[in-house]
Engineer: 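Before anything else, here's the structure in question.
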Amino acid sequence: MSDAPYLNSLNPEQKAAVLQTTGPVMIIAGAGSGKTRVLTYRIAHLIATGVDAFNILSLTFTNKAAKEMRQRIESVVGTEARNIWMGTFHSVFAKILRIEAEKIGYPSNFTIYDSDDSKSLIKSIVKEMNLDDKVYKPNYILSRISNAKNNLIQAHVYLKQSELVTYDETTGRGKIHEIYSEYAKRCFKAGAMDFDDLLLNTFKLLNNFPDVLHKYQHKFKYVMVDEYQDTNHCQYMIVKKLASVFENICVVGDDAQSIYSFRGATIKNILNFEKDYPDLNVFKLEQNYRSSDTIVSAANSVIAKNKDQLQKNVWTDNQLGNKIRVIRAVTDNEEGRLIAQNIFETKMTEQKMNSDFAILYRTNSQSRSLEEALRKLNISYRIYGGMSFYQRKEIKDIIAYLRIVLNQNDEQALKRIINYPARGIGKTSMDRVTVLAAQDDKSPWEIIANAHLYAELKNAIPKFRNFVNMVQSFIVMNQTCNAYDIAMHVARSTQLLKILNEDKTIEGISKYENVVELLNGIKEFVEDDTNEVEKTLSNYLQDIALLTDADKQDDHADNVSLMTIHQSKGLEYKNVFVAGLEENLFPSQMSLGSRSDLEEERRLFYVAITRAEEDLTLSFATSRFRFGSLLPCEPSRFIDEIDNNYLQLERKSITRPKQTIGNISKPSSSVPNLRKTIAKQNPRTANRPPALENFEAEAMDDIQVNMRVEHQRFGKGMVTKLEGEASSMKATIIFEEFGEKTLVLKFAKLRKL
DNA sequence: TACTAAGCTCTTTTT
DNA sequence: GAGCTTAGTA
């Protein structure tokens, strides 16, 4: 009997993994070993051999990955593939929760809070509890809460976990459990779930409602999880529950690429999988089809430094290829320039497309200098991540209105728009509303909708009434309109469009364009007839709540890709640049505390270099403009960890240079407003150096200065003595006399010119 | 209450 | 650099 044609393209290990369709299966898939292929064909094979697509659940890492996989499966087995439940944990569980919401006391159109919403809620709770927001920082609190949720610890349980509470007390944050309780209560009252709630509530649902569990256990006869090394405890428990009847569970992952512990992922899930399923079938995919031998070997030499890992041997048949290049630059801007130049030249000499190149970095903020350099050489690029479209203020404002139309109890959306555009409802009134809401155990909306019942609010009654009436008119309209009509109506009748359109500053124009783009997006959603989804506002908001930048449609333009290493997971490019290989940046200074954190950074580095197929370039700068000042940098230890045989540059040339560059500070916020500042001197700042005369930044653009700091002091004094040669920073340098022969140097960024 | 400039603080990664 | 708070003015 001959195999189905799709099986012929697989190697023996891959094929074995595809054919083992029943029972517990773990596929350890090294970098570039054709994991997606296996997963795709495995599902296709299930369907081809008679399994109903409705019975398959496939959890992937991004929605985009799910979409692509679905298309590939469709090309093998046809439209049946559309019925597979496939998506990220968050999106699949959100779908389940919408169906079952009432069981756990939520409305089915619950709002999904993004992390901005969560942080801002935490912030107001901290304030209401009169706690010090320097101690109770929203980011920190949120990560504590998130961690707890990911470990299935609900607020009332947190309180009883002495370890947690004691830990909080020793760090001086003994009230965290109270904040957690209040946060959970407020989310619930707002009909809102944060990202972690999508997981936690799914667990609760399955755990507390046997009928629901039974339903989904029997629906999902086959469960598949991709990137299993990046699942957290909660996800693990859910998957385990769902698969416990049929035990047809297949997880795919690579412990060497586990890079999400900061959001609760635990490598234990993959290391201990065998214990959960004694009759487990393990398949190892070790042949790398992606990268040159040099890159594979270099990657192996790096990852070998980690202790926590499963035994495997990634190898390749591919050619030896070029050595790994190391670029050393003086500043981040020079680094960008060298990389851009390199891309430019390689494109010429090797006939490559922009899309053959990717520049990867550790933090989103690194993209700026790279972008500028690419722009100068007219190389088109695309940035993934960073400030995403949906996080922009103008977009969030519109979305907040739309959220309120569906769910008036949505506290965060309400606070955002109640006085935007200004309708005379100020801080004082809203503070009172918050207090009343807490007293009466109501949502803020319920208070303002009944403002006449509260004497404290009498001055604001007419204003509240107007607002409530407006929202109610939207609600009525929404019952008969599609998403686009209501969104357009909201944007117009709130004057938001008009206000933005009247703002003719560069930022204003771009904001207006963004809102128009959003409205067009909604229009597209409404006009899209490739699916049967009803074109309601509710469905639209559900659609976008869990979209990420990685999910965005490829625009098929020929672009160089810029993204963080985290985002690059699963992708591959012919030429990869890893920028910013500096100690404290990569590895991040926050992960130097423990061995396991440092090992995760090393895995991250491993992920970065294994994205490359042909050429890999590592770069670092000896000084970098960060947080408004120029900071000295040392090359990353990871460069040293690569076996010297694979590096093009000799080790001695990357040894640490004597640092002569120190912090160079500019007076904060003086630069963008420089011209305005000159006009009037504020008495409070009169004892500071006078503002600078008008200057021509553009004219000085090409100045190259290297500098040496001899003495400096910051803060109010701002006395800095610098001298020397120039660096290639795109900065304007202005000399100014102040007091006794003190030289003050200021940098101005040229972005706005 | 609304607006502005000045000044301070925090800088990781993402669903 | 960005986002936020504060202080001062309108």
Side-chain angles (χ1 to χ4, degrees), chain A residues 60-63 87-94 112-116 118-120 123 133-134 137-140 143 146 150 193-199 230-232 235 259-265 360-366 368-369 384-388 391 393 419-430 459-460 463 545-551 563-569 580 584-591 597 600-601 603-604 607-608 625-629 631 666-674 676-677 679-685 688 691 715-716 747 749 751:
Chain A
T60 56
F61 203 68
T62 62
N63 289 304
T88 60
F89 276 91
H90 290 85
S91 66
V92 167
F93 294 168
I112 296 174
Y113 274 177
D114 66 15
S115 27
D116 286 343
S118 301
K119 272 181 235 166
S120 116
K123 217 168 156 182
D133 61 359
K134 300 268 178 340
K137 292 178 191 166
N139 265 326
Y140 181 80
S143 84
S146 171
N150 288 331
M193 298 190 197
D194 67 15
F195 289 135
D196 303 309
D197 287 334
L198 294 175
L199 309 179
D230 285 324
T231 52
N232 61 39
Q235 291 167 324
I259 54 175
Y260 278 96
S261 71
F262 67 90
R263 68 180 213 215
L360 310 180
Y361 36 79
R362 181 66 178 81
T363 70
N364 281 303
S365 58
Q366 286 168 255
R368 193 191 45 83
S369 53
Y384 295 78
M387 170 80 114
S388 91
Q391 284 172 294
K393 179 187 177 300
N419 200 32
Y420 180 78
R423 25 178 97 82
I425 303 175
K427 199 173 157 299
T428 326
S429 307
M430 282 313 286
N459 293 333
K463 295 165 187 167
L546 294 169
L547 272 193
T548 68
D549 251 36
D551 298 326
M563 67 186 85
T564 63
I565 301 164
H566 282 90
Q567 298 217 0
S568 75
K569 168 134 47 141
N584 293 333
L585 179 61
F586 190 17
S588 156
Q589 103 195 76
M590 318 197 64
S591 40
D597 284 352
E600 177 152 329
E601 293 284 311
R603 290 194 291 269
L604 197 55
V607 168
F625 213 79
R626 276 173 92 191
F627 320 134
S629 42
L631 301 173
K666 67 181 174 55
S668 102
S669 71
S670 65
V671 176
N673 300 314
L674 204 51
K676 281 188 239 162
T677 317
K680 57 179 174 183
Q681 272 289 328
N682 188 316
R684 282 194 303 147
T685 58
R688 291 214 326 222
K716 290 172 190 114
F747 287 97
K749 293 262 160 179
R751 252 171 90 184

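The chains referred to below are lettered A, B, ... by the order of the sequence lines, with proteins before strands, and numbering in each begins at 1. Below, all heavy atoms of this structure are taken into account, side chains as well, without hydrogens, waters or symmetry copies. Being a predicted model, the structure only gives us computed values, none of them experimental.
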Engineer: Touch check for Ser261(A), heavy atoms < 4.0 angstrom, all strands: base, sugar-phosphate only, or nothing?
Structural biologist: nothing
Engineer: dT1(B) phosphate, OP1 or OP2: any side-chain N/O from Asn419(A) under 4.0 angstrom?
Structural biologist: no
Engineer: Could you give the OH-to-P distance, from Tyr260(A) to dT15(B), as a whole number of Å?
Structural biologist: 6 Å
Engineer: Over how many whole Å does the gap from Asn232(A) atom CG to dT14(B) atom C1' extend?
Structural biologist: 12 Å
Engineer: When you check the phosphate oxygens OP1 and OP2 of dT14(B), does a side-chain N or O of Thr88(A) lie under 4.0 Å from one of them?
Structural biologist: no
Engineer: Can Phe262(A) be called stacked on dT13(B) when the rule is centres closer than 5.5 Å and an angle between planes below 30°?
Structural biologist: yes
Engineer: With sequence neighbours excluded, tell me which residues meet salt bridge (charged side-chain N to carboxylate O under 4.0 Å, His left out) with Asp133(A).
Structural biologist: none
Engineer: Think Lys123(A) has a side-chain N or O under 4.0 angstrom from the OP1 or OP2 of dT5(C)?
Structural biologist: yes
Engineer: Over 60° means perpendicular and under 30° means parallel, so tell me whether Phe93(A) and Phe89(A) are parallel, tilted or perpendicular.
Structural biologist: perpendicular
Engineer: Compare all side-chain heavy atoms of Thr88(A) with those of Leu546(A) and state whether any distance is below 4.5 angstrom.
Structural biologist: no
Engineer: Does Thr363(A) have a side-chain nitrogen or oxygen under 4.0 Å from the phosphate oxygens OP1 or OP2 of dT11(B)?
Structural biologist: no
Engineer: I need the NZ-C1' distance between Lys119(A) and dT11(B), as an integer number of Å.
Structural biologist: 12 Å
Engineer: According to a strict under-4.0 Å criterion, is Asn584(A) in side-chain N/O contact with OP1 or OP2 of dT12(B)?
Structural biologist: no
Engineer: dT12(B), OP1 or OP2 - any side-chain N/O from Ser591(A) closer than 4.0 Å?
Structural biologist: no
Engineer: Is the distance from OP1 or OP2 of dC10(B) to the nearest side-chain N or O of Lys137(A) less than 4.0 Å?
Structural biologist: yes
Engineer: Given that Thr564(A) and Thr428(A) both sit by DNA chain B, which one's nearest nucleotide is further toward the 5' end?
Structural biologist: Thr428(A)
Engineer: Does a side-chain N or O of Gln589(A) approach OP1 or OP2 of dT12(B) to a distance below 4.0 Å, or not?
Structural biologist: no
Engineer: Compute both the distance and the angle, then confirm whether Lys569(A) meets the cation-pi test with Tyr260(A): under 6.0 Å from the six-membered ring centre, within 45 degrees of the axis.
Structural biologist: no
Engineer: Between dT15(B), dT12(B), dT14(B), which nucleotide gets closest to the side-chain atoms of Phe195(A)?
Structural biologist: dT15(B)
Engineer: Of Lys134(A) and Gly426(A), whose closest DNA chain B nucleotide lies nearer the 5' terminus?
Structural biologist: Gly426(A)
Engineer: Round to a whole Å and report the spacing from CG of Asp133(A) to C1' of dC10(B).
Structural biologist: 13 Å
Engineer: So, OP1 or OP2 of dT1(B): does either fall under 4.0 Å of a side-chain N or O from Asn459(A)?
Structural biologist: no
Engineer: What pairs with Lys463(A) under salt bridge (charged side-chain N to carboxylate O under 4.0 Å, His left out), at least two apart in sequence or on another chain?
Structural biologist: none
